[in-house]
Novice: 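What follows is a single structure, and I will ask about it in a moment.
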There are 2 protein chains.
Amino acid sequence: MKMGDGVEQAIHSVAMLSGLSEGGVLSAAALAEFHGVSTSYLLKHLQALSGAGILDTVPGPKGGYRLAKAPKEISLLDIVLAVEGSAPAFRCAEIRQRGPNPVSDRLFAQPCTINAAMLKAERVYRAELAKTSLADIGIELTAVDDGSIAARGCAFLEIHERKTAR
Amino acid sequence: MKMGDGVEQAIHSVAMLSGLSEGGVLSAAALAEFHGVSTSYLLKHLQALSGAGILDTVPGPKGGYRLAKAPKEISLLDIVLAVEGSAPAFRCAEIRQRGPNPVSDRLFAQPCTINAAMLKAERVYRAELAKTSLADIGIELTAVDDGSIAARGCAFLEIHERKTAR
DNA sequence: TAATCGTGGATATTTTTTATCCACGAATTG
DNA sequence: CAATTCGTGGATAAAAAATATCCACGATTA
């Protein structure tokens, strides 16, 4: 059972956006460069996030992505589901009903207790993720050239603007 | 995030073994035929289960697999970990430290809160799976030719014995 | 002693994930 | 108003896992 790398990229991207000042946006290219990952791949997840209503997009020059709602209203679960889809990790293939001696009688068509137990654990997992919001994650900080400390998103935004200003 | 199909096969196999009468065993071939899955593939998981101390093996003719301990002592988590490995689903690649502006200073080398939150959710998930034992799952029942009801394992064991008796 | 079973490693096959590319439409800047 | 910059969405290629198979070996029991 492995979670895709896209989830980590997505969460860090959203976390960085949550540290931006009012009106600030970051382009997909900037986010990808900042994290050292493939732009086209990150783009796919950013689109999933905007499709899920977590991010807003700002088209045109100076455009990019920003949060669609308050950090407090965005949970880790929201992000995970947007990127990985909402299908449960455990999929019961009802192998009870296969083979030469299946539990085929309607009388025995009661729900698979194994499936039930696995899904319950997954509900608990999701509930835990739902408890944690972006606000709980906190803003990642970084050191700037002048020795001060700033939110990573803001710091990189400046670097990026300086570059595009040339 | 998807859990391998092997998990379902493994759990059903173990559940079936828990329904056997004292001294009874089922061969890998029987378990595979019963569930309608590939023998060689199931074998891989059965070996993982015996390696993890969940199943015992009985070599020789009339040999096979049986539980290594009481159903109450075997949790779903034990089985999942034996088959899927114990690595967490979420692997933090520390992408904070990548890109042109990494959080590299020792001062900021505090643990990644995102990773912490994801791993906590996974601990909760595993704790829930650990709560459920084979005894809680119950024995799967099936209808037999003569109209009676029997544990699926026993029923198939008889079928299998009849076949090998020829 | 012959048949049966599990062991373990090597290997092929299939599926999924990851990653990339391109043509298009929309919005903004100058 | 035109050029630039951005996101959209589908198609596609490359890489990685999962799934499935095979074979030679050792152990056990009828």
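Naming convention: chains lettered A, B, ... in sequence-line order (proteins, then strands); numbering from 1 in each chain. Hydrogens, waters and symmetry mates are skipped; everything else that's a heavy atom, side chains included, is used.
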Novice: Without decimals, in angstroms, what is the distance between A/Leu31 CG and D/dC6 P?
Specialist: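 Taking CG of A/Leu31 and P of D/dC6, I get 12 Å after rounding.
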Novice: Starting at atom CG of B/Asp5, determine the distance to atom P of D/dA18, rounded to an integer number of angstrom.
Specialist: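 After rounding, the reported distance stands at 11 Å.
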Novice: Would you please test A/Glu8 and B/Ile114 for side chain to side chain contact (heavy atoms under 4.5 Å, CB included) and show each step?
Specialist: CA-CA 8 Å; A/Glu8 185 180 5; B/Ile114 293 172; 5.8 Å; no
Novice: Rounded to whole Å, please give me the gap between NE2 in A/His45 and P in C/dA19.
Specialist: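 The distance from NE2 of A/His45 to P of C/dA19 comes to 8 Å, rounded to the nearest Å.
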Novice: Any side-chain heavy atom of A/Leu17 within less than 4.5 Å of one from A/Tyr65?
Specialist: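 Yes. Closest side-chain heavy atoms under 4.5 Å.
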Novice: Could you tell me whether A/Gly6 contacts a base, only the sugar-phosphate backbone, or nothing, with contacts defined as non-hydrogen atoms closer than 4.0 Å?
Specialist: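 No contact.
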Novice: Which comes earlier along DNA chain C counting from the 5' end, the contact point of A/Glu84 or that of B/Tyr65, where each point is its nearest nucleotide?
Specialist: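 On the 5' side of the pair lies B/Tyr65.
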Novice: For a 4.5 angstrom cut-off between non-hydrogen side-chain atoms, does A/Val7 reach B/Phe90?
Specialist: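 In short, these two side chains touch, coming nearer than 4.5 Å.
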Novice: For B/Leu31, is there any backbone N or O sitting under 3.5 Å from a side-chain donor or acceptor partner on B/His35?
Specialist: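 Yes.
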Novice: Encode nucleotides 21-30 of chain D as B, S and - characters from 5' to 3', where the letter depends on protein heavy atoms closer than 4.0 Å: B to the base, S only to sugar-phosphate, - to neither.
Specialist: B------BB-
Novice: Using a 6.0 Å cut-off, check whether atom NZ of B/Lys72 has over 12 heavy atoms from anything other than its own residue.
Specialist: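 Result for NZ/B/Lys72: open.
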Novice: Quick one: B/Leu55 CG to C/dC5 C1', roughly how many Å, whole number?
Specialist: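 Computing the B/Leu55:CG to C/dC5:C1' distance gives 15 Å.
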Novice: Mind calculating the distance between CD (A/Gln9) and P (C/dT18) to the nearest angstrom?
Specialist: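 Spelled out: CD on A/Gln9 to P on C/dT18 is 9 Å.
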Novice: Check the distance between D/dA17's C1' and B/Met3's CE and give it to me in whole angstrom.
Specialist: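 Distance, rounded to whole Å: 16 Å.
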Novice: For the side chain of B/Ser50, counting heavy atoms from C-beta on, which of C/dT18, C/dA19, C/dT7 is nearest?
Specialist: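 The nucleotide sitting nearest to the side chain is C/dT7.
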Novice: Whole Å only: how far is the CD atom of B/Gln47 from the P atom of C/dC5?
Specialist: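 Result: 15 Å.
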Novice: Measure CZ/B/Arg66 against P/C/dG6 and give the value in whole Å, please.
Specialist: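 These atoms are roughly 12 Å apart.
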Novice: For B/Glu84 and B/Gly4, indicate whether the former's side chain and the latter's backbone hold a donor-acceptor pair under 3.5 Å.
Specialist: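 Confirmed, B/Glu84 side chain pairs with B/Gly4 backbone.
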Novice: Please answer whether the main-chain N or O of A/Ser75 pairs with a side-chain N or O of A/Asp78 as donor and acceptor at a distance below 3.5 Å.
Specialist: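 Present.
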